[in-house]
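Indexing begins at 1, ligand by ligand and atom by atom, following the structure's order. Along the sequence shown, residues carry numbers from 1.
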Amino acid sequence: MPSTTAPPLEPYVPPPQTKENLDWASLEALDLSLLSQPGGKQALAEQVLSFINKNGFFYVTNHGLTATQINRQYAIAKALFALPLDEKLKYICDTASGDFRGYKPQSTGKLSGRDNDERYNIPKFTPEHERAHPQIIRDHYEEIREFSLHIHDKILLPLLRLFAYVLEIDDEEALANLHRYDEPGLEYLRYMIYHPRPAADDAAVGNIWAKGHTDYNTLTFLFYQPVAGLQVLSPDGVWRYVRSEPDAIIVNIVDALEYLSGGFLKSTVHRVVRPPGDQVSESRLGLIYFARPEARVAMRPLESPVVERVGSRLDGKYVRALEGVTAEEWARARIAKDHRFRTGVVDQPERDIIAGVPQQYYD
Ligand SMILES: O=C(O)CCC(=O)C(=O)O
Ligand SMILES: [Fe+2]
């Protein structure tokens with residue numbers, strides 16, 4: 001509930017979808033309501049097996065969050081980013097040490113080509129992450145908490161159980177048990193805003209807003225936002241636009257899940273480009289949830305009959321290198337390296353992340 005003294009939030013209305021005829025990726029939707037119906041889990045597992053590793057992203061529908069709830073989160077995000085920079089900088093995140101909690105400013109000056117977005121990451125609502133937040137977050141803390149918990153409990157965990165089933169792991173809680181909410185681990189909800197750049201500035205960086213990459217968590221959930229720009233690298237080597245649909249969450253399989261699944265579930269390669277002409281002057285607000293394994297989870301593939309049958313698709317030397325590396329160490333290393341590029345310590349994104357294991361960039 002908003003606090004009684006909080007000023008009312010200005011309602012958020014998403015901008016219209018683009019009318020341009022873009023090359024859209026064709027993505028499947030998993031209807032989560034099937035999970036509570038007889039035979040539904042089996043049907044979804046077959047659907048997963050039919051599309052996995054083909055198109056990258058997929059959608060989930062009937063996820064239990066309404067457009068009103070989602071637009072409330074955007075309204076909070078919009079009010080947050082409208083705060084004076086000095087105020088936001090009080091909550092700056094310590095990305096140099098691999099900690100992404102709090103505010104990340106937009107790059108400016110000669111580094112402005114590297115990113116044009118601001119982020120605010122709100123970690124799990126556990127004592128470990130108790131920290132200062134701007135008043136606008138405090139005013140809506142309970143509402144943000146409920147939203148985050150719904151994603152964790154009602155969307156993430158059922159999907160992890162489904163993936164354990166797909167991997168034919170006897171214990172269907174095997175993946176879910178690596179994502180216990182109350183255990184240490186940096187999972188977070190992100191508010192994000194990209195600011196439009198002049199055409200010449202965009203052209204100077206090939207119209208790329210975020211270089212082709214894979215994320216470094218387990219699953220990423222991208223909520224409806226209509227400004228086109230997100231693209232997926234399709235198996236035929238073509239970058240295609242990913243259409244955001246009002247009643248669907250876009251889901252991204254990510255590096256930690258690729259590792260845990262012995263490479264069976266491949267990370268989605270994606271990037272963000274300058275939006276099409278009819279949306280080019282819009283700010284692009286984003287609402288994203290990054291699910292992460294618990295901090296102490298070892299970066300080691302789970303035993304799965306499927307992986308035994310088809311063989312691990314991971315490079316053995318990297319699997320050995322990551323033995324003994326925890327999910328937290330790995331994620332911190334990625335964040336810290338990203339920081340070094342974004343803040344100009346290095347001129348190119350670094351590939352060697354931890355223990356000699358590289359991060360690929362795709363453009
Ligand atoms: O803004 C988007 O649509 C995607 C953002 C993204 O890829 C990321 O933050 O990792
Ligand atoms: Fe990403």
Side-chain angles (χ1 to χ4, degrees), residues 14-15 17-18 22 24-25 27 56-59 70 73-74 77-78 81 93 95 98 100-107 114-123 151 186-197 202 205 207-233 239-246 248-258 266-276 279-280 282-292 330-331 334-335 337-339 341-342 349 353 359-363:
Q17 290 264 24
T18 179
L22 303 176
W24 299 105
L27 304 180
F57 293 103
F58 60 93
Y59 299 110
I70 293 165
Q73 293 300 313
Y74 277 119
K78 195 171 173 186
F81 291 124
C93 48
T95 42
F100 228 145
R101 294 173 297 177
Y103 177 65
K104 182 206 80 74
Q106 182 182 7
S107 296
R114 301 211 174 169
D115 76 89
N116 57 344
D117 67 77
E118 298 174 79
R119 304 174 187 179
Y120 193 87
N121 294 319
I122 305 171
I151 301 167
L186 186 48
E187 176 167 307
Y188 45 75
L189 180 70
R190 171 179 296 172
Y191 298 151
M192 188 165 187
I193 188 166
Y194 297 81
H195 299 285
R197 274 194 299 222
D202 270 347
V205 291
N207 289 326
I208 301 292
W209 279 12
K211 275 179 178 295
H213 66 281
T214 54
D215 292 350
Y216 39 85
N217 42 306
T218 312
L219 290 173
T220 305
F221 299 98
L222 298 121
F223 286 86
Y224 176 60
Q225 78 72 31
V227 181
L230 177 63
Q231 293 185 328
V232 62
L233 185 57
W239 289 100
R240 293 201 169 80
Y241 284 88
V242 177
R243 188 190 274 282
S244 192
E245 303 283 0
I249 303 171
I250 298 167
V251 188
N252 185 356
I253 288 178
V254 195
D255 287 0
L257 188 52
E258 179 169 332
K266 281 258 168 287
S267 253
T268 306
V269 180
H270 58 287
R271 68 179 186 182
V272 182
V273 300
R274 176 180 167 86
Q279 293 183 319
V280 82
E282 298 281 358
S283 291
R284 187 171 180 276
L285 267 179
L287 177 65
I288 311 179
Y289 193 84
F290 293 87
R292 281 259 185 95
W330 188 54
R334 293 270 301 256
I335 293 163
K337 294 280 162 112
D338 178 64
H339 169 94
F341 173 65
R342 188 167 47 78
I353 299 299
Q359 158 69 11
Q360 288 274 124
Y361 292 90
Y362 296 84
D363 53 7

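Between the D202 side chain and the R274 main chain, no donor and acceptor come within less than 3.5 Å of each other. Under the 3.5 Å distance criterion, the side-chain polar atoms of Q17 are matched with a main-chain donor or acceptor of S244. Q231 places no side-chain N or O within donor-acceptor distance of the main-chain N or O of L233, the cut-off being under 3.5 Å. Side-chain atoms of Q279 come within 3.5 Å of backbone N or O of A228 as a donor-acceptor pair. Side chain of E258 to main chain of S267: a donor-acceptor pair is present (N/O by atom type, distance under 3.5 Å, no hydrogens or angles).
A cation-pi arrangement is absent between R240 and W24, since the terminal nitrogen or guanidinium carbon is not both under 6.0 Å from the aromatic centre and inside a 45° cone about the axis.
Using bins of under 30°, 30° to 60° and over 60° for the plane-to-plane angle, the ring pair F81/Y103 lands in the tilted bin.
Among protein atoms, those of element N, O or S found less than 2.8 Å away from the Fe ion (ligand 2) are H213 NE2, D215 OD1, H270 NE2.
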For each nitrogen or oxygen atom of ligand 1, which protein N/O atoms lie closer than 3.5 Å, and how far apart are they, rounded to 0.1 Å?
from	atom 1	to	atom 2	distance (Å)
ligand 1	1 (O)	Y194	OH	2.7
ligand 1	1 (O)	R284	NH1	2.9
ligand 1	3 (O)	R284	NH1	3.3
ligand 1	3 (O)	R284	NH2	3.0
ligand 1	7 (O)	H213	NE2	3.3
ligand 1	7 (O)	H270	NE2	3.0
ligand 1	9 (O)	R190	NH1	3.0
ligand 1	10 (O)	H213	NE2	3.3
ligand 1	10 (O)	D215	OD1	3.1

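Within a 6.0 Å sphere centred on NZ of K266, heavy atoms belonging to other residues, nucleotides or ligands number more than 12.
Taking the charged nitrogens against the carboxylate oxygens, K104 and D117 do have a contact shorter than 4.0 Å, which makes a salt bridge.
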